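Because only heavy atoms are used, hydrogens play no part in the values below, and waters and symmetry mates are left out as well, while side chains stay in. Nothing here was measured: the structure is a model prediction, and the numbers come from that model.
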Amino acid sequence: MQAMIRVLRAETGQSAEASAGVDDLLAAPRVAQLGPVLEQARLAGLDLTVTDPAGVLTGATVLPAAVDHAVYRVVREGLTNVLKHGGARAALRLDAGQRLELEVCDSGPRAGAADHAPAGTGIGLVSMRERVEAVGGSFEAGPAGPDDAAGWRVRALLPLPDPAADDVPTPGVATGRTSA
């Protein structure tokens, strides 16, 4: 919780004293560091398809620090769950518009996997939900279809800043413009 407060303070431009420790948090895993996570999933045998038309993974879509960190954690945990409990194929979809929609879906259990898959504790799902809701988003996880054979889906909707809000001057804040 303290880390989240430090990120929020940093994003609102509070004083250095108020945001002490932000450098530590900003060093936390971010979307830019998902490449090795995706590669590791593939090396573990997962046939992974990635759809990212807005360039979230490449940095073309800039995310607030707290959302950036939440995306990293949800993708990592979602893919870990696929490897532990899911099928041989998975899809990661990131779609940024007024909000960021993130989905990790698998194709259903591998043949014979139900007999050997370790039972989950659910802590990973709880952690993903808490991270997403802490930044003002929504989270759902469950079967991707009418039965478990259809696979599993993790979906998060995360808030993104309104780009138009950057163009609106804040009352009482100098804009660098002078009036005659």
Query raised in the report: Restricting to pairs with a member in residues 45-69, which pass salt bridge (Lys or Arg N to Asp or Glu O under 4.0 Å), not counting sequence neighbours?
Result: Arg30-Asp68
Query - Arg73 vs Glu77, salt bridge (charged side-chain N to carboxylate O under 4.0 Å, His left out): CA-CA, chis, key distance, verdict - result: CA-CA 6 Å; Arg73 295 293 186 185; Glu77 181 65 27; over 6 Å; no
Query raised in the report: Quick one: does Val104's side chain get under 4.5 Å of Asn81's, heavy atoms only?
Result: no
Report task. Give a yes or no answer on whether the side chain of Arg129 reaches the backbone of Phe139 with a donor-acceptor pair at less than 3.5 Å. Result -> yes
Report summary line: The side chain to side chain contact (heavy atoms under 4.5 Å, CB included) partners of Val62 (sequence neighbours excluded) come to none
Requested in this report: Would you check, one step at a time, whether the test side-chain contact (heavy atoms from CB on, under 4.5 Å) holds for Val37 with Thr80?
Outcome: CA-CA 9 Å; Val37 173; Thr80 297; over 6 Å; no
Query raised in the report: Quick check: are there more than 12 heavy atoms from other residues, nucleotides or ligands sitting under 6.0 Å from CZ of Arg93?
Result: yes
Report summary line: Rounded to the nearest 0.5 angstrom, the CD-CG distance for Glu39 and Leu48 is 10.0 Å
Report task. Go through the structure and list residues passing side chain to side chain contact (heavy atoms under 4.5 Å, CB included) with Ala91, not counting sequence neighbours. Result -> none
Query raised in the report: What are the two closest non-hydrogen atoms of Val132 and Ser138, and how far apart are they?
Result: CG1-O, 3.2 Å
Query raised in the report: If you look at every heavy atom in Ala96 and Leu160, which pair is closest and at what distance?
Result: CB-CD1, 3.9 Å
Requested in this report: Look only at the side chain of Ser127 and the backbone of Ile123, and say whether a donor-acceptor pair between them is shorter than 3.5 Å.
Outcome: no
Query - Residues which pass side chain to side chain contact (heavy atoms under 4.5 Å, CB included) with Arg153, listed by chain and number, not counting sequence neighbours - result: Glu103, Cys105, Glu140, Ala144, Arg155
**Report entry** Close side-chain approach of Leu79 and Leu38, heavy atoms under 4.5 Å
**Finding:** yes
Requested in this report: Return the minimal non-hydrogen interatomic distance between Pro53 and Leu94, and the atom names on each side.
Outcome: CD-O, 3.3 Å
Report task. Kindly say whether Ala54 contributes a backbone atom to a donor-acceptor pair with the side chain of Thr61 at under 3.5 angstrom? Result -> yes
Report summary line: When every non-hydrogen atom of Gly151 is compared with those of Asp106, the smallest separation belongs to CA-OD1, 3.3 Å
Query raised in the report: How close do Val74 and Met128 get, heavy atom to heavy atom, and via which atoms?
Result: O-SD, 3.7 Å
Query - Distance in Å, Gln33 CD paired with Arg76 CZ, rounded so as to fall on 0.5 Å steps - result: 11.0 Å
Report task. Might you point out which heavy atoms bring Val135 and Ala66 nearest each other, and give the distance in Å? Result -> CG1-CB, 3.6 Å
